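Here's the structure we're looking at; comments come further down.
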Number of protein chains: 2
Amino acid sequence: MQLDEAKNKFIQTWGALGSQWGINKTMAQIHALLIVSNNPLSMEDVMEELIISRGNASMNLRALMDWGIVYKEYKTGERKDFFTAEKDLDELAVKIAKERSRREIKPALKILKEVSSIDAKTSLEAGQFVNQTKKLYDFVLKADNMIDKVTEIKDNWVGRLLMKVMK
Amino acid sequence: MQLDEAKNKFIQTWGALGSQWGINKTMAQIHALLIVSNNPLSMEDVMEELIISRGNASMNLRALMDWGIVYKEYKTGERKDFFTAEKDLDELAVKIAKERSRREIKPALKILKEVSSIDAKTSLEAGQFVNQTKKLYDFVLKADNMIDKVTEIKDNWVGRLLMKVMK
DNA sequence: ATAATCTTTCAATATTTTTTGAAAGTTCGG
DNA sequence: CCGAACTTTCAAAAAATATTGAAAGATTAT
């Protein structure tokens, strides 16, 4: 396999993965492209490599920056903006996890709390509903907190050791 | 808030969450409905509650069963199939994680391995590409293995203690 | 202030995904 | 084997989502 072919395959695969995770294809592809680019790319570069429109490139680069996983860079003497991807993979994972938590899990928790707060005593059915949704609330809350825990762990001595033991 | 309103809100929210995670809305809604139903529901029941067509109900119930998070039940004397959701939340999380791993992560790993195996010596660029994608491969592999680790941990004494310490 | 260069916005269009519903398929009692 | 009860399939339609491209908006050099 040639470099070009490999690069392309990687970008396509990352794009497909993205859509399965609720991220749009182009966004994931731009991200992939930036990941394997050693130097910052301009919007023009991105458009050419992926054969997409200016508007599309602009919007998705913006979205990636909102996620905090792509950065703008300025080159002296150049008027264009250039872009690079977060390449520290731990950092990348943490940022994605935090952003998803903020955008999706937190709002869901709010609703879960709300619906599990109806009066459980009005009927057997209501009681069971409250019971079930409360459990769900606790579970999602616990899962959500894990994200922070993992970040903490990485920063302390015992934690790092533990991670090693866990292979 | 009344039970009906709460139930509906829960189903809608779960559905919206689902689509952000690459699961279709109806599938997530059916799942939500079954989660808060104390007794098994027939396809007819599901169609009525969610106001969806027979085909839609059939396909999505099938998909949920493929994920292993909804089960068919038979009632003696009844010809219809009835459905219940996995209600053990730990079990639910494990099943979802395993299925996603199988469907998405494993295939992605395969591609990553492939593209990171091109000859690194042909050019500087090729070398950097291989370096970057190899790192990615290792990272994704490690993350994927964590799923299994978490399952193991829950099953052993030290692990459970650890989980408690982690709050 | 004007022009040049570059970016963003957004209504229109294209693409992808989901849903429908009717026909075909299955299963089972008699 | 037939017919009733139920489920699955899948082509067509609808809905949701992504993409384009041209105009408007910025920003900087002259």
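Just so we're clear, the structure is a prediction, and the values are computed from it rather than from any experiment. Keep in mind that the numbers below use all heavy atoms, side chains included, and drop hydrogens, waters and symmetry copies. Note on naming: letters A, B, ... go to the chains in the order of the sequence lines (proteins, then strands), and numbering restarts at 1 for each one.
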**OP:** Please state whether the phosphate of D:dA4, meaning OP1 or OP2, lies under 4.0 angstrom from any side-chain nitrogen or oxygen of B:Arg79.
**Re:** no

**OP:** Might you work through the side chain to side chain contact (heavy atoms under 4.5 Å, CB included) test for B:Phe82 and B:Leu41, ending with a clear yes or no?
**Re:** CA-CA 5 Å; B:Phe82 287 80; B:Leu41 299 186; 5.7 Å; no

Subject >> Note, B:Tyr137 side chain near B:Leu109 side chain (heavy atom, < 4.5 Å) >> reply: yes

**OP:** Would you indicate whether the side-chain heavy atoms of A:Leu136 and B:Trp14 approach each other to under 4.5 Å?
**Re:** yes

What is the separation between atom [atom1] on [X] and atom [atom2] on [N], rounded to the nearest whole Å?
X       : N      : atom1 : atom2 : result
B:Ile30 : C:dT19 : CD1   : C1'   : 12 Å
B:Glu78 : C:dC28 : CD    : P     : 15 Å
A:Arg62 : C:dT9  : CZ    : P     : 6 Å
A:Leu41 : C:dT7  : CG    : P     : 13 Å
B:Gln29 : C:dT18 : CD    : P     : 13 Å
A:Lys80 : D:dT27 : NZ    : P     : 19 Å
B:Asp66 : D:dT8  : CG    : C1'   : 13 Å

Subject >> Base-contact (B) and sugar-phosphate-only (S) positions in nucleotides 12-23 of chain D, heavy-atom cut-off under 4.0 Å, - elsewhere >> reply: ------SSBB--

Original post:
Backbone N or O of B:Ser42 within a donor-acceptor pair of the B:Lys80 side chain at under 3.5 Å?
Top reply: no

**OP:** State plainly whether the residues B:Glu99 and B:Arg103 are in salt-bridge range, i.e. N to O under 4.0 Å.
**Re:** yes

Original post:
Are any of the side-chain nitrogens in A:Lys9 or B:Glu114 under 4.0 Å away from the carboxylate oxygens of its partner?
Top reply: yes

